[in-house]
Number of protein chains: 2
Amino acid sequence: MQRDGVTGETDAQGSAQRRVAAGSRGRRRVSMADVARRAGVSSQTVSRVSNGHPSVVESTRSQVLAAMKELGYRPNSAARALKSGQFRTLGIILFTLSTTGNVRTLEAIATSAAAEGYATTLLPVAVPTEGEVRGAFTRLGELAVDAIIVIMEVHLLDAAAVSLPPGVGVVVADSDAGDRYSVVDTDQKGGASDAVRHLLGLGHGTVWHVAGPEESYAAQRRADAWRSELQRAGRDVPPMLRGDWSAESGYRAGLRLAQEPGCTAVFVANDQMALGVLRALHDHGRAVPDEVSVVGFDDIPDAGSFIPPLTTVHQDFAEVGRRCVESALRQIGDAQGERGTTLVPTRIVVRESTAPPPTA
Amino acid sequence: MQRDGVTGETDAQGSAQRRVAAGSRGRRRVSMADVARRAGVSSQTVSRVSNGHPSVVESTRSQVLAAMKELGYRPNSAARALKSGQFRTLGIILFTLSTTGNVRTLEAIATSAAAEGYATTLLPVAVPTEGEVRGAFTRLGELAVDAIIVIMEVHLLDAAAVSLPPGVGVVVADSDAGDRYSVVDTDQKGGASDAVRHLLGLGHGTVWHVAGPEESYAAQRRADAWRSELQRAGRDVPPMLRGDWSAESGYRAGLRLAQEPGCTAVFVANDQMALGVLRALHDHGRAVPDEVSVVGFDDIPDAGSFIPPLTTVHQDFAEVGRRCVESALRQIGDAQGERGTTLVPTRIVVRESTAPPPTA
DNA sequence: TCGCACGATGTTTACGTAAACATCGCGTGA
DNA sequence: TCACGCGATGTTTACGTAAACATCGTGCGA
């Protein structure tokens with residue numbers, strides 16, 4: 001067939017047209033048709049080779065492969081997506097990359113997604129107002145994504161949910177969201193309880209708490225666990241201090257703790273704030289861990305290099321990311337993905353910032 | 001026209017077909033044709049409204065808009081990309097999100113890109129071997145991106161460059177790359193020189209250096225600037241120590257520095273390592289800044305919360321990100337984007353880790 | 001008053017791929 | 001020996017959009 005005169009003529013026409021279509025600047029990308037022509041097969045055969053379809057005889061396959069290589073063929077993902085209705089892309093919506101947790105989770109998501117042949121599209125939302133989020137989702141809806149992973153507080157998601165494109169799965173990381181979405185979360189409660197129990201186990205009478213910002217669900221749950229663990233043990237619950245996750249806010253909280261003579265143990269809701277607390281205690285001559293014990297949360301890479309190395313609750317962000325991708329892909333496959341919550345366990349890492357209380 | 005009997009019949013047929021096409025699961029997305037039918041116009045008119053084309057009369061426009069809203073129409077970006085040849089997406093290739101610089105740069109890129117209506121696709125490369133990088137680029141080539149921003153050492157890029165899809169612009173952040181690519185970089189040399197001059201200006205006889213890993217171009221340039229600044233001032237150049245950017249490696253370097261009685265000033269190539277150095281000095285009773293002054297590089301958010309707050313060289317990652325996007329978009333527009341290097345200035349932030357040397 | 005220009009809208013077509021269906025030829029069993 | 005089946009390959013078509021071109025009507029100048 002490839003030597004048929006009529007076909008030859010059609011080819012010539014095709015090329016001419018194409019040259020025109022390509023316009024004045026830059027050459028058009030190589031398409032299946034080009035490869036097909038070069039290899040002397042139909043474009044459908046090229047498609048089959050490209051997708052590893054079994055019913056292509058070896059000799060044909062290698063011929064096509066050679067033509068692809070020669071011409072530098074690369075499949076056009078837009079066309080593929082248009083035809084198949086799948087983009088092989090996950091959208092990630094988040095507020096900020098300034099917390100370690102988000103970054104690590106994102107990294108794990110991107111890595112696992114890549115392993116599954118999925119790309120990861122980022123959609124940062126600068127200011128967490130409802131309007132902003134809604135805008136982000138609208139854009140995501142138009143965006144080429146098969147599923148969306150949300151790394152943020154879900155109550156902001158609520159207002160935006162209406163504009164979620166139907167048929168796109170949503171996974172929420174590290175938030176509540178209960179029944180409406182699939183959720184992958186760290187076991188905040190377990191981790192916080194472990195931290196408090198560790199301190200009580202060392203003999204401290206009670207444990208103070210520097211919490212994260214009010215609007216953070218994670219912060220809230222860590223605080224709740226701290227409170228109920230103390231109550232269960234029948235201890236006094238000291239007033240709760242609040243920070244905004246930053247080391248600076250931790251420093252401010254630490255200044256107040258340094259004035260409290262009765263304070264011998266602190267559970268800080270994240271490592272960055274713990275860094276600030278350590279500095280405040282140090283600045284006011286309160287020795288850690290000899291006078292005051294400090295426990296953080298997250299186990300960021302630097303935690304082992306704090307002064308002193310920080311005892312903290314390790315979060316497995318990588319696992320969270322992996323589970324998010326897993327759940328997202330399952331939703332893509334299933335259409336009606338399950339809605340459950342997956343809890344990723346934590347573990348406490350004991351370093352040098354905790355010790356028994358000073359014998360009074 | 002919209003009340004024509006034949007047209008009505010066509011409508012009915014269309015719907016039936018559509019239902020079949022949608023298959024058993026989930027409904028097909030609303031297309032321009034659906035909106036057109038509902039609004040009683042041609043799909044081309046819908047396209048015009050969708051793209052804000054001027055020659056649509058107001059009454060028609062609002063009719064179409066209403067139909068879009070009613071039907072929940074969302075443009076199909078795959079089709080749009082196929083037709084226009086543009087994805088409105090930037091691809092980011094990087095090794096790791098574990099360094100602050102990469103994360104901040106990425107964040108700025110994503111934000112600026114979003115502001116320009118571009119999405120950002122992440123392509124992490126787990127292990128920085130040549131093979132890995134090549135794979136990443138191959139995938140990026142198939143990926144739906146209009147330009148690529150590379151955040152990594154360029155010598156690894158070299159091997160991979162061959163598989164770069166033609167016509168896709170490349171911007172390299174924070175590396176060399178000279179003439180082949182457009183480069184946006186922080187003024188490493190200026191920043192490092194400032195750090196050394198600051199210490200010499202305080203009266204220190206010379207300055208030690210804890211460098212980053214050998215294969216890092218940034219580390220190399222910071223070390224070069226340190227050396228040449230000392231030489232220019234006619235000072236001794238102490239042996240250089242090396243870390244791998246981590247706080248832990250900084251600690252190890254700090255242990256060695258603590259043994260050097262003559263060492264009164266250290267320039268550390270990044271803040272994380274500086275954190276480790278601070279702890280090592282602290283552990284060995286060397287007071288900072290009274291006995292030893294320490295300067296970092298990066299100005300990570302926590303730097304002000306170190307013990308003591310760290311004097312460091314501030315990098316404007318946000319600006320780097322912004323410039324990267326700017327350059328990438330220019331390349332998309334131009335086809336032949338320029339190849340120059342853009343330098344983003346640094347500034348030294350003086351905190352409490354530096355002071356004049358102890359009077360011997 | 002007639003024709004032409006221009007604005008608004010409709011029709012056709014192509015983008016690159018892959019599913020669905022069609023065809024062709026060869027081997028095998030009755 | 002012939003028909004049938006099946007594997008390999010080709011042909012047709014549709015995905016949703018937007019550029020290019022076609023058409024229609026209206027208003028204005030000669």
Side-chain angles (χ1 to χ4, degrees), chain A residues 1-2 4 6-7 10 13-23 28-37 39-64 68 71 73-88 142 144, chain B residues 1-2 4 7 10 14 17-18 20-23 28-37 39-61 63-64 68 71 73-88 142 144:
Chain A
M1 178 51 122
Q2 60 268 41
D4 180 307
V6 175
T7 305
T10 305
Q13 256 176 250
S15 312
Q17 255 171 243
R18 211 168 319 116
R19 232 171 287 124
V20 170
R28 211 185 47 98
R29 258 176 76 157
V30 179
S31 79
M32 280 193 168
D34 301 318
V35 176
R37 214 157 11 237
V41 299
S42 77
S43 63
Q44 181 57 55
T45 299
V46 177
S47 168
R48 282 192 262 255
V49 170
S50 179
N51 294 324
H53 197 282
S55 71
V56 178
V57 90
E58 188 46 40
S59 64
T60 308
R61 174 186 307 278
S62 56
Q63 228 170 331
V64 170
M68 281 180 172
L71 267 40
Y73 169 74
R74 278 167 199 292
N76 178 317
S77 51
R80 186 173 277 188
L82 175 59
K83 193 72 181 73
S84 70
Q86 297 244 330
F87 299 98
R88 296 197 75 78
E142 295 174 17
Chain B
M1 175 53 118
Q2 62 269 43
D4 180 306
T7 304
T10 305
Q17 254 171 246
R18 210 172 321 118
V20 170
R28 211 184 45 102
R29 259 176 77 155
V30 179
S31 79
M32 281 196 168
D34 301 319
V35 176
R37 214 154 14 233
V41 300
S42 77
S43 63
Q44 182 57 60
T45 299
V46 176
S47 169
R48 282 192 262 257
V49 171
S50 180
N51 295 324
H53 197 282
S55 70
V56 178
V57 92
E58 187 46 41
S59 64
T60 308
R61 174 186 307 278
Q63 229 171 331
V64 170
M68 280 179 172
L71 266 40
Y73 169 73
R74 280 168 197 291
N76 178 318
S77 51
R80 187 171 278 187
L82 176 58
K83 194 72 181 72
S84 70
Q86 298 243 329
F87 299 99
R88 296 197 73 79
E142 295 173 18

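Each chain gets a letter, A, B and so on, in the order its sequence line appears, and its residues count up from 1.
Phosphate proximity of dG16(D) to R80(B): absent, as no side-chain N or O sits under 4.0 Å from OP1 or OP2. Note on N76(A): every side-chain N or O is 4.0 Å or more away from OP1 and OP2 of dC15(C). Applying the 4.0 Å criterion to OP1 and OP2 of dT17(C), one finds that S43(A) has every side-chain N and O outside that range. When the side-chain nitrogen and oxygen atoms of T45(B) are compared with OP1 and OP2 of dG10(C), one or more of them lie within a distance under 4.0 Å. Look at S31(A) and you won't find any side-chain N or O under 4.0 angstrom from OP1 or OP2 of dC15(C).
Within 4.0 Å of V41(B), counting heavy atoms only, lie sugar-phosphate atoms of the nucleic acid but no base atom. In this structure, S50(A) reaches neither bases nor backbone, as no heavy-atom distance under 4.0 Å exists between it and the strands shown. Counting any heavy atom pair closer than 4.0 Å across all strands shown, S47(B) reaches a base atom. Counting any heavy atom pair closer than 4.0 Å across all strands shown, S55(A) reaches a base atom. Across all strands shown, V46(B) has no heavy atoms under 4.0 Å from either base or sugar-phosphate atoms.
Atom-to-atom, CD of Q44(A) to P of dA20(C) comes out at 11 Å; the value is rounded to the nearest Å.
Rounded to the nearest 0.5 Å, atoms CZ (R88(A)) and CZ (R80(A)) are 9.0 Å apart.
At a cut-off of 3.5 angstrom, the base of dG16(D) holds no donor-acceptor pair with the side chain of R74(B).
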